[in-house]
Structures are given as C-alpha cells and as structure tokens.
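One structure is given below, encoded as structure tokens.
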Amino acid sequence: MAHPYGRATALAAALLALGTALTAAPAARAGAAPARPAVTGPVVTRAGLDPALVSGRGAAVAFDEQEAENARTDGTVIGPDRTPYTLPSEASGRKAVRLLPGQYVEFTLPRAANALTVRSSIPDAPGGGGVTAPLDVTVDGRHRRTMTLTSQYSWLYNQYPFTDDPGADLLHPDWWLTECSCVPAGTTPAPILDKPFRPAHFYDEQRLLLGTTHRAGEKVRLTVPAGSPAAWTVIDLLDTELVAAPHVERGGIDVRALGADPTGRRDAAPAIERAVALARRTDRPVYLPPGTFRVDRHIVVDDVTIVGAGNWHTVLKGRQVTLAEPAPDGSRHTGVGLYGRPAAEGGSRNVHLSGFAVEGDVRERIDTDQVNAIGGAMSDSTIRGLYLHHTKVGLWFDGPLRNVRITDNVITDQIADALNLHTGVTDSLVRNNFIRNTGDDGIALWSEKTADARNTVARNTVQSPTLANGIAVYGGADTTVSGNLVADPVREGSGLHAGARFGAEPFTGTLRFTGNTTVRAGTLDLNWKIGLGALWFYALDGSIDADVRVTGDHYLDSTHNAVMLVSEYGVKDRYDIPAVHFKDIRVDGAGNSVLSARTKGSATFENVDARNVGAVGVNNCGSFHFPATGSEFALADLGGNDGGWLAPWLLPNTLTCDDRPPVVVPPAPAPWS
C-alpha cells in the first residue's frame with residue numbers, strides 16, 4: 001500500500017561513491033574489522049535471532065537460515081544500522097558482510113542439504129538497469145558451482161513510484177521533501193539534492209540446486225572471483241535445505257503432451273491453456289513437470305487444479321511485455337501470471353494451484369500494471385507451496401470473493417506487496433507463508449469500497465519490507481492477525497499496522513492481534529520525523545472504533561516504541577481510537593517508550609511486562625491540546641503490569657509528551673526468565 005504523504009519518501013563516479021558510502025560508512029560506525037575469528041559451527045537463526053526467542057511464531061519453513069555476519073569470512077561486517085537508504089538497514093538482522101574480489105564467507109551446514117539460497121547485493125550499473133556478476137559456490141572444498149548474481153531487479157531511486165534511473169531529477173518536485181524541509185518547486189534558490197537520490201531496494205536472492213546431497217558439517221564457501229566485474233558483493237544470508245525429488249501427479253494432464261516446451265525456449269502459454277481446457281472437460285488436474293516453461297502473459301484459470309513437480313523443479317518464467325496500447329484496466333505491460341476471472345465478470349471458483357515457481361521480470365513499479373504472479377478473483381480456492389519471485393505483487397486479489405486459502409508459499413523480491421486481499425475478500429486464510437524483501441507491505445488487507453471480513457492472517461514470517469509495513473490491516477470487519485513473525489521494516493511503516501486510511505471502509509466488529517512477535521520494528525517515519533511503534537494504529541480517514549484486543553504479542557528490540565496510537569494532526573479533533581485492550585504482552589527493548597499516544601482515546605493494560613525501555617514508559621501527548629485536566633488519552637491499569645513502565649503517576653492521563661525523545665539503544669533480546 002502506498003503512503004498518502006509523498007511515498008518515501010558523471011553517474012559512474014557517483015555510483016561508485018554511493019557503493020562505498022553504503023558499505024564502508026556503516027561498518028566504520030559499528031567498528032567492524034576486516035576479518036573475523038574462526039566459527040566453530042553453524043549459527044542458525046530466525047529473523048536474525050536465536051530461534052528459541054521466536055519459537056512457535058512465524059512460518060514453519062524447510063530451510064535453515066544463517067546470517068553472514070555469524071559465519072567465517074575474510075570480508076568486512078557492515079552494520080548494524082537502521083538508517084534508511086543504507087545496505088545494513090535492508091539486511092536481515094541489520095548486518096551483512098561485504099566482500100571484495102577474492103574474498104569469501106564460509107558457512108557450515110547444520111543439516112543435510114542439496115539446495116541453497118543466497119541473499120546478496122551487488123552495485124547497479126552506472127546508468128541504472130543493473131549488472132550481473134559471478135559468485136563461486138564450493139561445498140567441502142571440492143564441489144564447485146558458479147551462481148550468477150544480478151542487480152537488475154534491485155536498486156530503485158527517487159520518490160514514489162520510484163525509478164531505476166540513478167540520474168533522474170525529482171519525480172515530484174511539487175512534493176514536500178524531508179531532506180530540505182521544503183517543496184523544491186516552490187523554493188528559491190532550489191535545493192541541491194545528491195544523486196542518486198534515495199537509493200533503496202538493494203538486495204536480491206538466487207536459488208541453486210547443488211545436484212547432490214551434502215552432509216551436516218560440510219562447509220559452504222561463497223567466494224567472489226578475482227576478476228568479478230562487481231566492485232563489491234554484499235552477502236546477507238544463506239538458506240540451505242534438503243529438497244525432495246520431483247513430484248509426479250498421477251492421472252494429471254502433462255502439459256508437454258499438448259506441446260509445452262520444458263526448456264523455456266518456446267512460448268508454453270498456448271499449450272498450458274489447452275491443458276487447462278482439457279482438464280476442465282475431463283475433471284482431471286493439470287500437471288507441470290520439471291522444467292522451465294516460458295509464459296509471457298496471463299493464463300486465466302477457473303475450476304481447475306494445476307500441480308507442479310515442486311517449486312524448486314517447475315518454473316513458469318516470463319518476460320515483461322509492453323502492450324501495443326494500454327489495456328482497459330490501465331495496464332501498459334503484461335507478464336507471467338495466473339489470474340482468476342475479474343470479479344465484475346463473476347470471478348473464478350474452485351482453483352487450486354500448488355508446487356511450482358513463478359519467475360517474473362518486473363523491474364519498475366507502475367501501479368496501473370497488472371503484472372502480478374497470481375491475480376484476479378478466486379473464490380473457494382487454494383494457493384499452496386508456490387515460490388513467487390520478481391513480480392510486482394506476489395498475490396493481488398481483487399474481490400469481492402470468498403474462501404481463498406493461501407498457505408505454505410515463499411514470496412520474495414517483489415517491487416510492491418507480497419500479498420494483498422483487496423476489496424470485499426471474506427472468510428479467507430493466509431497461513432504459513434514466508435515473505436522477504438517486498439517494496440511495500442508484506443501482507444495487506446485493504447477494504448477499499450467494500451469491506452473485507454472474517455479473514456485470518458496466521459503464522460506467517462515477513463522479513464525486511466523496504467517500505468511500509470510487515471502486516472497491515474486497512475479497515476474491515478472481524479480480522480485476526482495471529483502467531484506471525486515480522487522483522488526489520490525499513491521506512492514509512494513498521495511491523496504490525498491497523499490504519500483507517502487509503503479510503504478504506506471502517507473497522508467494525510473485532511480486530512485481534514494475538515501472539516505475534518516483531519523484531520527490530522518501531523521505525524522512524526522520515527516524513528513525520530517521529531518514531532513509530534512496532535504495532536501502530538493510525539486514524540487518518542476515520543476513527544478506529546472496533547473491538548480491538550492485543551493479546552500475547554512480543555515486541556523485541558523496537559527502534560523507537562513498542563506501540564503507537566496516532567491521529568493525523570489535521571483530523572485530531574474529528575477522529576480517535578476509543579479503546580484498545582492489551583493483555584499478556586512482553587516488551588524486550590524499546591529505544592523510546594512502551595506506548596506512544598498521539599490521539600484521543602483510551603487503552604487498558606493487563607499483564608504487560610516490559611524491560612530495557614529507553615524513555616518514560618508512556619509518552620502521552622493525547623490530541624495535542626494539553627488541557628489542565630491532562631491528556632485526552634486515558635490509561636487503565638488492570639493489574640499484573642511488571643517492569644515499572646506503567647507507574648501510578650502516569651495514570652489515568654498524565655501528560656508526558658516529548659515529541660522526539662532521544663533513542664536509547666537497548667541490549668539484544670534475551671530469554672525471559
């Protein structure tokens with residue numbers, strides 16, 4: 001979802017200087033050394049933490065995550081840094097390893113594995129558009145493969161909706177800029193802004209099947225070849241897993257029998273469409289066997305099951321195609337995607353997709369384009385076990401529709417959202433999906449024009465959204481967000497969000513945040529220049545007047561606040577957040593406060609434990625009228641609140657307003673005794 005206020009918010013020499021600044025400067029701040037001591041064994045993490053700290057939360061995945069900064073290397077650790085537009089800020093755990101040509105980082109396999117994923121960054125081309133560079137992969141000193149890294153799908157610049165041109169002038173000179181605290185087009189003399197302006201979206205990931213199974217304890221070394229064209233290569237992490245043999249769908253209609261080319265050289269879309277039509281007539285599934293099938297447009301699916309050999313084995317891969325003239329929906333391009341029929345045409349039903357990958361070719365954000373991996377309207381349908389990569393949005397459903405179950409998918413490196421349930425999506429489930437490196441909200445429920453209702457977002461992992469939020473709910477009725485793990489949001493958003501904004505229908509019924517964990521959230525909003533909460537409520541277009549209950553959440557290492565409730569200043573006397581109920585919460589580290597209240601309303605607290613809080617426990621500004629009677633935001637202590645953060649003198653509505661308190665960096669999260 002886009003923010004309403006300005007969205008985030010020669011060249012060869014400039015880009016080289018940028019690459020140096022983005023890597024060397026954060027390392028210097030952190031006191032990084034060029035080499036690290038030997039690592040005796042694998043350090044497996046989840047969201048950059050000891051897995052015990054996030055046990056039972058987030059997606060259950062097949063791979064083991066290892067952060068490069070914990071591995072053996074002769075490179076340089078960069079970070080930690082949470083400053084937007086820097087390489088460490090977008091890295092998992094806010095650290096990574098920079099390698100120069102000839103340098104390596106070496107991991108130890110914690111379990112048997114035959115496949116790996118490398119998350120990395122290399123420089124952009126001087127004029128934009130990306131480059132490619134090799135990375136040697138050696139297992140146990142003998143088995144060597146070469147990966148081809150690319151920056152063709154990363155490195156965006158400038159203002160929303162961004163550009164891949166590092167030399168571009170401001171896209172919106174009539175927008176207010178935080179960098180100069182001005183509107184450039186209305187300022188004399190005009191401000192001089194460095195180029196490239198606002199570089200972001202640095203990372204990309206590549207997957208590699210190793211061809212053989214390697215034992216636990218073997219070493220995986222990633223080495224930048226001495227002749228690499230990349231001046232530097234930043235390695236963020238390595239995921240390793242044991243991929244099963246290809247699945248065979250007995251009785252399925254094999255698309256090869258209808259002419260589909262599994263080598264990716266010829267267009268497979270017509271053959272797949274013939275298989276879909278035959279499957280509907282014969283009530284059989286469509287089978288996508290191992291291979292790469294070229295698909296450069298949308299395939300419309302309705303009342304059909306499509307099964308792949310597994311998302312490591314079957315790939316639908318497409319090029320982005322420029323349309324001769326814009327489509328009726330405004331799209332200027334098309335590309336690989338499986339789409340239900342539009343809701344206005346009745347939508348699709350009984351669609352079941354599983355076991356394949358979709359590799360797109362989207363390199364810029366054009367909001368009118370329908371270039372998503374999965375789209376349209378699909379009721380009574382399931383999307384399971386897909387790998388969605390390099391599309392604009394992994395799954396964007398335009399309702400009304402009901403009963404779609406989206407489970408067990410991996411969605412990475414998207415230009416915008418990973419998943420959006422948009423307009424009248426009801427009775428649906430989003431569960432056990434792993435999401436990393438989105439250019440907008442990881443998961444969004446957007447009740448535009450027609451309310452979403454009775455949806456559940458459960459046990460998903462969302463890591464490193466470069467813009468906006470991990471999980472966001474924009475209006476709607478009876479929504480549950482439970483058991484999720486959200487880590488490392490970068491800018492103009494945070495971990496968990498409820499927003500009355502973007503023209504969404506009001507919140508009604510219940511809104512539940514239950515048993516979630518956020519890590520290194522509570523970011524600084526660059527436009528407001530205030531710290532958000534790891535969980536933040538925002539009343540912009542209306543009040544948030546549902547039955548709101550937050551139970552069992554853990555907020556770990558929040559940069560600013562654990563929770564923030566805010567109304568836009570211009571509507572602070574019209575809209576409020578009447579009542580939010582917090583129970584059984586743990587806050588382990590907050591640079592500012594447990595609660596920042598910048599609205600009128602109230603909250604209750606029961607068994608909310610906090611430690612390592614940098615400022616006053618409650619930063620209570622109310623709606624900024626500062627009456628003699630106290631803040632317009634009231635607090636109620638229902639008992640069991642430990643850690644001294646909810647002191648009696650704060651109750652019920654003591655004004656403690658500090659607009660921008662200094663950040664006190666907390667210690668790393670630790671087990672709760």
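Just so you know, these numbers use all the heavy atoms, side chains as well, and skip hydrogens, waters and symmetry mates.
Using modelled atom types and a 3.5 Å distance limit, the side chains of Tyr157 and Asp124 yield a donor-acceptor pair. Side-chain atoms of Asn350 and Asp380 form no donor-acceptor pair, as typed in the model, at a separation below 3.5 Å. For His201 and Glu90, the side-chain atoms include no donor-acceptor pair closer than 3.5 Å. Side-chain N/O atoms of His390 and Asp204 include a donor and acceptor closer than 3.5 Å. Side-chain contact of Thr108 with Lys219: a donor-acceptor pair under 3.5 Å is present, judged by distance alone. Neither side chain, Glu364 nor Thr163, offers a donor N or O lying under 3.5 Å from an acceptor on the other.
Looking at Leu135 and Thr146, their side chains never come closer than 4.5 Å, going by heavy atoms from C-beta outward. Using a 4.5 Å heavy-atom cutoff, the side chains of Val286 and Val304 are in contact. Proximity of Leu395 to Leu388: side-chain heavy atoms (C-beta onward) are separated by under 4.5 Å at one or more points. Counting only heavy atoms from C-beta outward, the side chains of Asp239 and Glu241 never approach each other to under 4.5 Å. Under the 4.5 Å side-chain criterion, counting only non-hydrogen atoms from C-beta, Leu419 is not in contact with Trp396. Side-chain contact between Arg349 and Ser381 is absent, with no heavy atoms from C-beta onward closer than 4.5 Å. No side-chain heavy atom of Thr240 sits under 4.5 Å from any side-chain heavy atom of Phe107. Side-chain contact between Val234 and Val97 is absent, with no heavy-atom pair separated by less than 4.5 Å.
Without hydrogens or angle criteria, Asp398 side chain to Thr423 main chain gives no donor-acceptor distance under 3.5 Å. In this structure, Arg405 contributes its side chain and Leu429 its backbone to no donor-acceptor pair below 3.5 Å. Formation of a donor-acceptor pair under 3.5 Å by the Ser331 side chain with backbone atoms of Thr368 is found in this model. One N or O on the side chain of Ser428 and one on the backbone of Val404 form a donor-acceptor pair closer than 3.5 Å. Asn433 places a side-chain N or O within donor-acceptor distance of the main-chain N or O of Ile406, the cut-off being under 3.5 Å. In terms of modelled atom types and a separation under 3.5 Å, the side chain of Glu218 and the main chain of Ala216 share no donor-acceptor contact. Arg280 places a side-chain N or O within donor-acceptor distance of the main-chain N or O of Asp302, the cut-off being under 3.5 Å. The closest donor-acceptor contact from the side chain of Thr438 to the backbone of Ala418 lies at 3.5 Å or more, if one exists at all. A distance-only check finds a donor-acceptor pair linking the side chain of Asp441 to the backbone of Asn469 [under 3.5 Å]. Checked by atom type and distance alone, the side chain of Arg256 never pairs as donor or acceptor with a backbone atom of Ala260 at under 3.5 Å.
Between Phe434 and Phe63, the gap from one ring centroid to the other is short of 6.0 Å. Remark: aromatic rings of Tyr153 and His389 are distant, center separation not under 6.0 Å.
The existence of a salt bridge linking Arg144 and Asp136 is confirmed by a sub-4.0 Å separation between a basic side-chain nitrogen and an acidic carboxylate oxygen. Checked for salt-bridge contact, Arg111 and Asp64 meet the test: a charged N lies under 4.0 Å from a carboxylate O. Using a cutoff of 4.0 Å between basic side-chain nitrogens and carboxylate oxygens, Asp408 and Arg384 are not scored as salt-bridged. Note on Asp427 versus Arg454: salt bridge recorded, some NZ/NE/NH1/NH2 to OD/OE distance being below 4.0 Å. Between Arg46 and Glu65, no side-chain nitrogen of the basic residue sits less than 4.0 Å from a carboxylate oxygen of the acidic one, so the salt-bridge criterion is not met. At a threshold of 4.0 Å, the pair Glu205-Arg119 does not count as salt-bridged, since none of the basic side-chain nitrogens sits closer than that to a carboxylate oxygen. In this structure, Asp164 does not pair ionically with Arg365, as no charged nitrogen and carboxylate oxygen lie closer than 4.0 Å. Of the charged side-chain nitrogens involved, none lies within less than 4.0 Å of a carboxylate oxygen, so that Arg319 and Asp361 do not count as a salt-bridged pair.
Residue Pro101 comes nearest to Ala230 through the heavy atom pair CG-O, 3.8 Å, listed as atom of the first residue, atom of the second, then distance. When every heavy atom of Thr213 is checked against every heavy atom of Ala112, the shortest pair comes out as CG2-CB, 4.1 Å. When every heavy atom of Pro285 is checked against every heavy atom of Gly251, the shortest pair comes out as CD-O, 4.2 Å. For Ile306 against Val276, the heavy-atom pair with the smallest separation is CD1-CG2, 4.1 Å. In terms of heavy-atom proximity, Gly424 sits nearest to Asp452 at N-OD1, 3.0 Å. Heavy atoms only, all atoms of each residue included: Pro290 and Pro262 are closest at O-CB, 4.0 Å.
Atoms CD1 and CD1, on Ile435 and Ile411 in that order, are 4.5 Å from each other to the nearest 0.5 Å. Atom CG of residue Leu222 and atom CG of residue Leu99 lie 8.0 Å apart, to the nearest 0.5 angstrom. A distance of 9.5 Å separates CG of Asn409 from CG of Leu353, quoted to the nearest 0.5 Å.
The environment of Asp283 atom CG is sparse: at most 12 non-hydrogen atoms of other residues, nucleotides or ligands sit within 6.0 angstrom. Remark: Arg332 CZ is loosely packed, at most 12 non-hydrogen atoms of other residues, nucleotides or ligands lying under 6.0 Å away.
Judged as a side-chain contact (heavy atoms from CB on, under 4.5 Å), and not counting sequence neighbours, the contacts of Tyr339 are His298, Gln370, Asn372. Every side-chain contact (heavy atoms from CB on, under 4.5 Å) that Glu273 has, sequence neighbours left out, goes to Arg297, Ile299. By the side-chain contact (heavy atoms from CB on, under 4.5 Å) test, Arg207 is found to be paired with Thr117, Asn311, Trp312, Ala357, Tyr387, residues two or more places apart in sequence or in another chain being considered.
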- Query: Going through the checks in order, is the side-chain hydrogen bond (donor to acceptor under 3.5 Å, both in side chains) test met by Gln152 and Thr132?
  - Reply: CA-CA 8 Å; Gln152 294 171 334; Thr132 59; 5.8 Å; no
- side chain to side chain contact (heavy atoms under 4.5 Å, CB included) evaluation trace for Thr292 with Thr263: CA-CA 5 Å; Thr292 297; Thr263 69; over 6 Å; no
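Tested against Val457, the residues Val462, Val473, Asn484 include a single side chain to side chain contact (heavy atoms under 4.5 Å, CB included) partner, Asn484.
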